[in-house]
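Every chain is numbered from 1 and lettered A, B, ... according to where its sequence line falls, protein lines coming before strand lines.
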Amino acid sequence: MRCTRIHVSCLRSLQTKGSSNLQRVNHSPPRKATAGRQPDAMTFSLTESDIVKWNVAITNHMRNGQCESAMRLFNSMPRRSSVSWNTMISGYLSNNRFDLAHQLFVKMPNRDLVSWNVMISGYVRNGKLRDARLLFDKMPDRDTVSWNAMLSGYAQNGYVDEARRIFDKMPNKNSISWNGLLAAYVHNGRIEDAQRLFESKADWDVVSWNCLMGGYLKKRRLVDARRVFDQMPLRDEVSWNTMISGYAQISELSEAKRLFVESPVKDVYAWTSMVSGYVQKGMLEEARKYFDKMPEKNSVSWNAMIAGYSQCKRMDLARELFEVMPCRNVSSWNTMVTGYAESGDIAHAREFFNMMPQRDCISWAAIIAGYAHIGHSEEALRLFLDMKRDGERLNMSTLTCILSTCANIAALELGKQMHGRLVKAGFGSGCYVGNALLAMYCKCGDIEEAHDVFKGISEKDVVSWNTIIAGFARHGFGKEALNLFESMKRAGIKPDDVTMVGVLSACSHTGLVERGTEYFYSMGDDYGLTANSKHYTCMIDLLGRAGRLYDAHSLMKNMPFEPDAATWGALLGASRIHGDTELGEKAAEMIFKMEPDNAGMYVLLSNLYAGSGRWGDAGKMRLKMRDSGVRKVPGYSWIEVQNKIHMFSVGDSTHPECGRIYAYLEDLDFLMKKEGYVSSTKLVLHDVEEEEKEHMLKYHSEKLAIAFGILTIPSGRPIRVIKNLRVCADCHTAFKYISKIVGRVIILRDCHRFHHFKDGFCSCGDYW
DNA sequence: GTAGGGTTAG
């Protein structure tokens with residue numbers, strides 16, 4: 001994109017003196033040359049034309065990212081025109097060398113209006129709006145280009161109101177200004193405002209019509225988009241392509257194909273839209289047919305096809321194409337990194353990431369998300385810091401991606417910093433970011449802040465409601481979750497299947513058996529929803545926990561589909577709580593058949609045996625686990641202290657503060673026993689001597705993390721700890737005592753739910 | 001030097 005811009009300007013300056021007769025290929029009206037653009041080109045002497053050749057060479061070097069050789073050329077020029085200076089500045093800006101651009105700008109002997117505009121638009125292109133605005137306010141004269149550059153900067157970065165203020169203040173407006181404001185509304189989802197603006201005047205050009213049409217498509221308002229398409233007085237290839245891709249992207253491929261055939265201009269955009277349409281529907285053969293038939297391909301077309309293979313986890317085919325494609329760019333690399341990351345092959349993802357000749361924010365977001373996805377959050381966070389060190393600019397999407405990483409590892413402080421940055425950058429109240437923030441606070445255990453963020457989202461969608469309902473449910477505030485569910489319905493948002501999972505799990509986590517049963521059986525009548533396996537699993541969990549194992553089992557037998565491992569897992573969990581070894585064995589047997597690698601199930605079953613004193617069977621489970629090559633996921637806990645994540649495993653001796661932590665745990669142990677605490681050795685997996693068992697319980701990872709938290713986090717603030725497995729019953733009891741003894745709130749997230757310990761009680765009501 | 005369409009993240 002950036003290069004094209006330099007390219008066009010360079011052609012245009014050659015064109016001005018008649019040496020070339022290039023015609024624009026597309027059908028849009030020729031762009032008017034701005035006043036003040038012509039003068040130096042009018043009287044070209046031989047040396048002037050030599051200067052032009054130098055300038056063209058500089059442009060080419062800059063386009064290839066060779067800033068140093070461009071600078072050498074510039075320095076060796078016998079004479080320089082203002083165009084030479086501006087070309088250098090603009091080249092630097094396109095290559096993100098902002099300081100160098102600014103230095104040249106300051107040094108430039110006869111700065112013209114264009115130099116100022118080059119600087120401003122360079123900053124704007126890279127989202128550096130404050131720098132742009134500083135120059136804009138300082139510049140001696142402004143023309144329409146200057147105003148438009150600022151306007152589009154605000155428009156593209158979500159500052160709709162500031163864009164409007166600029167628009168209102170402009171002394172002269174051209175069609176670009178009007179389109180800038182229109183785009184401001186469209187890009188920020190304010191389609192109604194765009195529509196009103198559009199209706200307020202008559203002489204819109206084809207760009208405006210296309211923009212409005214694109215806005216409707218973005219909102220998936222296909223009928224409105226089509227109406228615009230049918231009504232527009234003039235269509236260019238962009239109009240056709242926008243409409244074709246609109247149909248293609250909602251998988252209306254027959255209509256897309258019809259328009260494609262009908263369209264008078266089938267350029268590379270149109271072909272690529274068709275490829276991508278079939279790719280999105282997973283119809284790879286059809287996509288490949290279009291891809292092979294394309295008269296010309298560019299990197300985007302190749303990328304679309306590669307993305308198709310990578311989305312279907314056919315990384316072999318993706319790689320084959322990647323290796324033969326003639327024009328790889330950052331996106332091609334990003335597509336490969338993403339593809340590998342999403343198919344769980346983080347090693348290859350990392351290999352490609354490391355090999356990339358250039359990276360952008362998407363590359364970083366992709367690899368970070370890759371690590372976050374497989375739970376390697378430490379590495380994700382390390383990469384985030386590397387990214388900042390690399391000077392990669394944070395945009396809304398990267399921030400959103402980092403937010404979800406923070407959420408996964410419950411890095412609340414870091415998440416809060418991200419929140420601050422989002423607000424500062426003006427991304428605060430949007431639904432997309434709002435939902436990510438909401439999820440982050442929920443997963444980090446700060447349900448109050450989550451609720452505040454939720455209240456601040458101006459346009460709550462079904463995802464916002466689902467997130468907060470599930471959030472309250474997981475924190476054990478079932479009544480609040482159900483109240484929100486009622487408000488949601490009052491607000492006119494239709495509950496979907498995800499909502500109902502949240503609602504049912506709220507009932508399950510709170511023990512509201514009757515109410516849950518009612519919701520479950522009225523889902524179809526009330527909201528037209530069919531229960532899926534997740535809903536059944538919630539119900540089996542709900543009944544099972546309440547001790548109604550028989551009902552749970554018969555509900556499962558009457559399911560309209562085969563139970564999956566998660567459903568059996570709910571039954572196994574309930575069997576363990578209520579000591580029904582026979583049912584537990586049956587459930588475990590089924591799970592082993594379905595997921596022979598599920599280490600958690602071996603542990604659950606082994607615990608079930610151990611709990612009823614069947615040490616022999618518990619031992620057999622361990623052997624079976626070892627023989628089948630399944631390894632138990634080691635339990636670990638982590639806690640964030642002063643922006644740093646500290647991780648602990650059972651009996652950990654690697655932490656620098658180990659000595660203090662163990663000594664403190666001894667003190668706590670003494671105090672707890674004085675209060676009546678007895679360690680429940682029953683639930684330790686291993687078959688060992690009583691004393692040793694107690695020793696192991698004492699140093700479970702969550703205990704170490706919480707002790708460290710009490711020692712380092714100032715009093716008055718809650719201790720937030722995360723555990724990757726379910727918290728053990730002994731730790732759970734201990735934390736109730738500890739919360740009372742030290743007078744602290746302890747918030748523990750295990751893989752299942754949240755526990756808020758306060759004054760000797762837990763929010764789960766010992767029901768988890 | 002300023003505006004609209006197709007690929008990659010979320």
Among the candidates dA9(B), dG6(B), dT2(B), find the nucleotide nearest to the side-chain atoms of Ala149(A). dT2(B)
So what does Val186(A) hit on the nucleic acid, given a heavy-atom distance under 4.0 Å: a base, only sugar-phosphate, or nothing? nothing
Would you kindly give the CG-to-C1' distance between Asn303(A) and dT8(B), to the nearest whole Å? 7 Å
Checking Lys293(A) against Trp271(A): charged group under 6.0 Å from the ring centre and within 45 degrees of the axis? no
How long is the line joining CG of Asp267(A) and P of dT7(B), in whole Å? 14 Å
Quick check on dT8(B): is either OP1 or OP2 less than 4.0 Å from any side-chain nitrogen or oxygen of Gln311(A)? yes
Base dG4(B) to side chain Asp236(A), donor-acceptor N/O within 3.5 Å cut-off: yes
State yes or no: are the ring centers of Phe353(A) and Trp364(A) separated by less than 6.0 Å? yes
I'd like to know if Ser331(A) reaches the base of dT8(B) with its side chain, counting only an N/O donor and acceptor under 3.5 Å. yes
Rounded to whole angstroms, how far apart are CD1 on Ile244(A) and P on dT7(B)? 13 Å
Trp147(A) vs Phe136(A) aromatic rings, parallel, tilted or perpendicular, using cut-offs 30° and 60°? perpendicular
Would the base of dG4(B) count as contacting Asp205(A) through its side chain, where contact means a donor and an acceptor less than 3.5 Å apart? no
